[in-house]
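Worksheet: one structure, shown below.
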Amino acid sequence: MLPDLRAMAGIGRNDWPQPRIAAGVALHHATDVLYHEHPLVRERMAREAARLQDSGIPRRRAQALAHVGLELVTDGILSADQSGVAAFRAAVARATGPQGPVEASLESATDRELWRRVAERLRSGDFPARYREADFVATRLEIVFRRRPRLAFEVELVPALASWVSRLAAEVGDEVQVVRDEVVRGLRREGAS
């Protein structure tokens, strides 16, 4: 998750000198490739972008919302797996402890402070389960896109997006499980897990 967390925190670093961190980042990228190339994911993103466009959202924004929205809904669905959540919490505890491996690898005081803020939110206990809440996901989408002028949207759109997120979550449960299983098999075939 470090590449996504780095972007969320606003940390500029893209390279990670510590071998274990670099291996984790490589696994993240391999997982992303398999996930985004999966036919069910591609079809769902296209379908949801079309639905959002039909509701009046401009094409680029609709595509971005469909992409990120599906990822967040997927995280919410997967958060129902308690063994996965336990593994997530253990990884967060190892990575985000005081002077943990990520913080220790950051060179600037600013990046270390940005990382501490993200780490604190991760340890707060409401992640990743909050991604099962449509209002939370819709608000996160607004926050994510607020920083991108071409994709930003009015906060008044959040309730409509929450309805879309709720419907999406109700529709994709089985797809998420199929994609997860096939991504895991793909990682094992590639020797990435």
Run the side-chain contact (heavy atoms from CB on, under 4.5 Å) test against T110 and tell me which residues pass, sequence neighbours left out. S108, L114
Please identify each residue that fulfils side-chain contact (heavy atoms from CB on, under 4.5 Å) with R148, with sequence neighbours left out. V144, F145, L151
Short N-O contact, R117 and E113, less than 4.0 angstrom: yes
How close do [X] and [Y] get, counting heavy atoms only, and between which atoms?
| X | Y | result |
| --- | --- | --- |
| S105 | I21 | OG-CD1, 4.3 Å |
| Q53 | A62 | CG-CB, 3.6 Å |
| A138 | A162 | CB-N, 3.5 Å |
| S79 | A129 | OG-CA, 3.7 Å |
| R140 | L72 | CB-CD1, 4.2 Å |
| G76 | R132 | O-CG, 3.0 Å |

Sorted by chain and residue number, the ring-ring contact (aromatic ring centres under 6.0 Å, His included) partners of Y35 (sequence neighbours excluded) come out as none
Quick check on salt bridge (charged side-chain N to carboxylate O under 4.0 Å, His left out): which of R94, R112, R116 does E103 satisfy it with? R116
Would V155 end up clustered with L157 when hydrophobic side chains under 4.5 Å apart are linked, directly or stepwise? yes
Assigning hydrophobic clusters by single linkage (Ile, Leu, Val, Met, Phe, Trp, Tyr; side-chain heavy-atom cutoff under 4.5 Å), is V85 placed with L78? no
Under the rule for side chain to side chain donor-acceptor pair (under 3.5 Å), what residues qualify as partners of [X], not counting sequence neighbours?
| X | answer |
| --- | --- |
| R59 | Q63 |
| W115 | none |
| D81 | S83 |

With side chains defined as the heavy atoms from C-beta onward, is the minimum distance between L122 and F88 less than 4.5 Å? yes
Rounded at 0.5 Å granularity, tell me how far [atom1] in [X] sits from [atom2] in [Y].
| X | Y | atom1 | atom2 | answer |
| --- | --- | --- | --- | --- |
| I11 | L2 | CD1 | CG | 7.5 Å |
| D111 | R6 | CG | CZ | 9.5 Å |
| R61 | R150 | CZ | CZ | 12.0 Å |
| E48 | D54 | CD | CG | 11.0 Å |
| L161 | D135 | CG | CG | 11.0 Å |

Under the ring pair (Phe, Tyr, Trp, His ring centres under 6.0 Å) rule, what pairs show up with a residue in residues 65-86, not counting sequence neighbours? H36-H67
Taking only residues at least two apart or on different chains, which pairs with a member in residues 147-176 satisfy ring pair (Phe, Tyr, Trp, His ring centres under 6.0 Å)? none
Name the atoms and distances for all side-chain donor-acceptor pairs under 3.5 Å in residues 168-183, with sequence neighbours left out.
{"unit_1": "E171", "atom_1": "OE1", "unit_2": "R44", "atom_2": "NH1", "d": "2.7"}
{"unit_1": "E171", "atom_1": "OE1", "unit_2": "R51", "atom_2": "NH1", "d": "3.1"}
{"unit_1": "E171", "atom_1": "OE1", "unit_2": "R167", "atom_2": "NH1", "d": "3.2"}
{"unit_1": "E171", "atom_1": "OE2", "unit_2": "R51", "atom_2": "NH1", "d": "3.4"}
{"unit_1": "E171", "atom_1": "OE2", "unit_2": "R167", "atom_2": "NH1", "d": "2.9"}
{"unit_1": "E175", "atom_1": "OE1", "unit_2": "R44", "atom_2": "NE", "d": "3.2"}
{"unit_1": "E175", "atom_1": "OE2", "unit_2": "R44", "atom_2": "NH2", "d": "2.6"}
{"unit_1": "Q177", "atom_1": "OE1", "unit_2": "R180", "atom_2": "NH1", "d": "3.2"}
{"unit_1": "Q177", "atom_1": "OE1", "unit_2": "R180", "atom_2": "NH2", "d": "3.2"}
{"unit_1": "E182", "atom_1": "OE1", "unit_2": "H38", "atom_2": "NE2", "d": "2.5"}

Side chains of residues 24-34: which donor-acceptor partners sit under 3.5 Å, not counting sequence neighbours?
{"unit_1": "H28", "atom_1": "NE2", "unit_2": "D32", "atom_2": "OD2", "d": "3.3"}
{"unit_1": "T31", "atom_1": "OG1", "unit_2": "L27", "atom_2": "O", "d": "2.8"}

With sequence neighbours left out, write down each residue that passes salt bridge (charged side-chain N to carboxylate O under 4.0 Å, His left out) with E133, or none if nothing qualifies. R130
